[in-house]
Undergrad: 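Sharing a structure, written as structure tokens. Questions coming.
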Amino acid sequence: MHCSVPKSNLGHSRGHGFIRFQFTVAILAAYGGIRTESERNKKEERKGGQPMCGIVGYIGPREATPILLDGLKKLEYRGYDSAGIAVYDQGSLYVVKAKGRLQNLEKLVSRQKVPGTVGIGHTRWATHGEPSDVNSHPQTNQSGDIAVVHNGIIENYLYLKEWLMGKGYSFVSDTDTEVIAHLVNFYYEGDLLQAVRDTLRRLEGSYALGVIC
Ligand code: GLU
């Protein structure tokens, strides 16, 4: 496998056609999984008014990008260090993400077309990997046609990362989230929802996810 995730923060890649489109968006909330002490501490910090990240998703008749950006604006009050979106259109997945304020993302979006009526967006508060363009969400699989946004922490990500690397996957970010994109890729056999279910069985921690392909 080779990595086609662009080094810049703009990019699009081909999706897998209609069968994938049927389950293009799988938004799953799975808070309440196994929690370690550090995770509990993090949650306590958040209750105390610390920044929290946010996820937004859209599927419908309208262009997704402005709706996602608007949704992310509404989540700004929670605090974040970077933001990004992934939008699906006719076999292509467009991923745009940037470190820093939402204006940075908006600037990038204004410079290119990000068409499509299905998408996910994220504001990140880094737990694994510094705030940077490449560590921003969405995180993708190597071919860039599965994108994941994630709130929370994957406690066993190091084990999963090594396991995936042993299977030939290579990583571009320092996030725990990237293992999810590769795991969904690993399990995907034409049914995104099933691939996400199989992936969830491997994850320890607590998390909310948006997955698109
Ligand atoms: N643990 C993930 C990361 O560091 C998600 C952080 C968040 O909840 O925004 O990228």
Undergrad: For residues 66-76, tabulate all N or O donor-acceptor pairs below 3.5 Å that involve a side-chain atom, not counting sequence neighbours.
TA:
unit_1: D70; atom_1: OD2; unit_2: K74; atom_2: NZ; d: 2.8
unit_1: K73; atom_1: NZ; unit_2: E106; atom_2: OE2; d: 2.9
unit_1: E76; atom_1: OE2; unit_2: Y80; atom_2: OH; d: 2.5
unit_1: E76; atom_1: OE2; unit_2: R101; atom_2: NH2; d: 3.4

Undergrad: Looking at CD1 of I154 and OG1 of T199, how far apart are the two atoms once the value is rounded to the nearest 0.5 Å?
TA: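 Spacing of CD1 (I154) from OG1 (T199) equals 10.5 Å.
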
Undergrad: Does the side chain to side chain contact (heavy atoms under 4.5 Å, CB included) test come out yes or no for R111 and L108, once each step is laid out?
TA: CA-CA 5 Å; R111 289 197 205 128; L108 292 175; 3.8 Å; yes

Undergrad: Between the side chain of S136 and the main-chain N/O of G84, is any donor-acceptor distance below 3.5 Å?
TA: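 Between the backbone of G84 and the side chain of S136 there is no qualifying donor-acceptor contact (under 3.5 Å).
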
Undergrad: To the closest 0.5 Å, what do you measure between CG (N135) and OG1 (T175)?
TA: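 OG1 of T175 is found 6.0 Å from CG of N135.
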
Undergrad: Taking side chain as C-beta onward, heavy atoms only, is I120 less than 4.5 Å from V56?
TA: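 No, side chains not in contact.
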
Undergrad: Assess the residue pair L183 and L203 against the criterion (side chain to side chain contact (heavy atoms under 4.5 Å, CB included)); give the C-alpha distance rounded to whole Å, side-chain angles, the decisive distance to 0.1 Å, and a yes or no.
TA: CA-CA 10 Å; L183 277 175; L203 303 182; 3.9 Å; yes

Undergrad: Evaluate the side-chain proximity of N151 to H122: yes if any heavy-atom separation is below 4.5 Å, no if none is.
TA: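 Result yes, sub-4.5 Å side-chain heavy-atom pair found.
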
Undergrad: With the side chain counted from C-beta on, respond yes when Y169 and V179 share a heavy-atom pair under 4.5 Å apart, and no when they do not.
TA: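 Contact flag for Y169/V179 side chains = no.
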
Undergrad: Between the main-chain N or O of P138 and the side-chain N or O of K97, is there a donor-acceptor pair closer than 3.5 Å?
TA: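 Answer holds: yes.
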
Undergrad: Rounded to the nearest 0.5 Å, what's the gap from CG on D176 to CG on N156? Could you check?
TA: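 Going from the CG atom of D176 to the CG atom of N156 covers 10.0 Å.
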
Undergrad: F186 and W163: aromatic ring centres closer than 6.0 Å?
TA: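 Yes, ring centres under 6.0 Å apart.
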
Undergrad: Work out which heavy atom in A64 is nearest to a heavy atom in V87; give both atom names and the distance.
TA: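 Closest approach of A64 to V87: CB-CG1, 4.2 Å.
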
Undergrad: Is there side-chain contact between V109 and I85, with heavy atoms separated by less than 4.5 Å?
TA: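 Side-chain contact under 4.5 Å: yes.
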
Undergrad: For the CD1 atom of I180 and the CG atom of L160, what is their distance to the nearest 0.5 Å?
TA: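 One gets 9.0 Å once the value is rounded to the nearest 0.5 Å.
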
Undergrad: Grab the two heavy atoms, one from C53 and one from W125, that are nearest each other, plus how far apart they are.
TA: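 Closest heavy-atom pair between C53 and W125: CB-N, 3.7 Å.
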
Undergrad: Does the side chain of P115 come within less than 4.5 Å of Y94's, by heavy atoms?
TA: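 In short, these two side chains touch, coming nearer than 4.5 Å.
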
Undergrad: Can you find a heavy atom in the side chain of M165 that is under 4.5 Å from one in the side chain of S170?
TA: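 They are not in contact (no side-chain heavy atoms under 4.5 Å apart), so the answer is no.
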
Undergrad: Is the Lys NZ or Arg CZ of K161 less than 6.0 Å from the centre of F171's six-membered ring, within 45° of the axis?
TA: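 Output yes; distance and angle both within limits.
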
Undergrad: Working to the nearest 0.5 angstrom, can you tell me the gap between H150 NE2 and Y157 OH?
TA: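 Going from the NE2 atom of H150 to the OH atom of Y157 covers 12.0 Å.
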
Undergrad: Do I146 and I212 come within less than 4.5 Å of each other through their side chains, counting heavy atoms only?
TA: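 I146 does not reach I212 side chain to side chain.
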
Undergrad: On a heavy-atom basis, which atom in A86 and which in L93 lie closest, and how many Å separate them?
TA: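 Distance-wise, the nearest heavy atoms are CB-CD1, 4.5 Å.
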
Undergrad: To the nearest 0.5 Å, what is the distance between OH on Y187 and CD on E189?
TA: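 Between Y187 OH and E189 CD, I get 10.5 Å after rounding to 0.5 Å.
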
Undergrad: List the steps and the verdict of side chain to side chain donor-acceptor pair (under 3.5 Å) for T117 and E63.
TA: CA-CA 5 Å; T117 60; E63 278 301 303; over 6 Å; no

Undergrad: If I compare all heavy atoms of V148 with all of A181, which pair ends up nearest, and what's the gap?
TA: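 Taking every non-hydrogen atom into account, CG2-CA, 3.7 Å.
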
Undergrad: Hey, does T140 have a side-chain heavy atom less than 4.5 Å from the side chain of V95?
TA: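 The answer is yes; the side chains approach within 4.5 Å.
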
Undergrad: Does a donor on one side chain sit under 3.5 Å from an acceptor on the other, for S173 and E178?
TA: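 Yes, E178 and S173 have a side-chain donor paired with an acceptor closer than 3.5 Å.
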
Undergrad: Which heavy atom of K99 sits nearest a heavy atom of S82, and at what distance?
TA: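 In terms of heavy atoms, the two residues are closest at CA-CB, 3.6 Å.
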
Undergrad: Give me the atom names and distance for the closest heavy-atom approach of A126 to D81.
TA: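 What the structure gives for the nearest pair is N-OD2, 2.7 Å.
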
Undergrad: For N141 and D145, indicate whether the former's side chain and the latter's backbone hold a donor-acceptor pair under 3.5 Å.
TA: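 Such a contact is found between N141 side chain and D145 backbone.
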
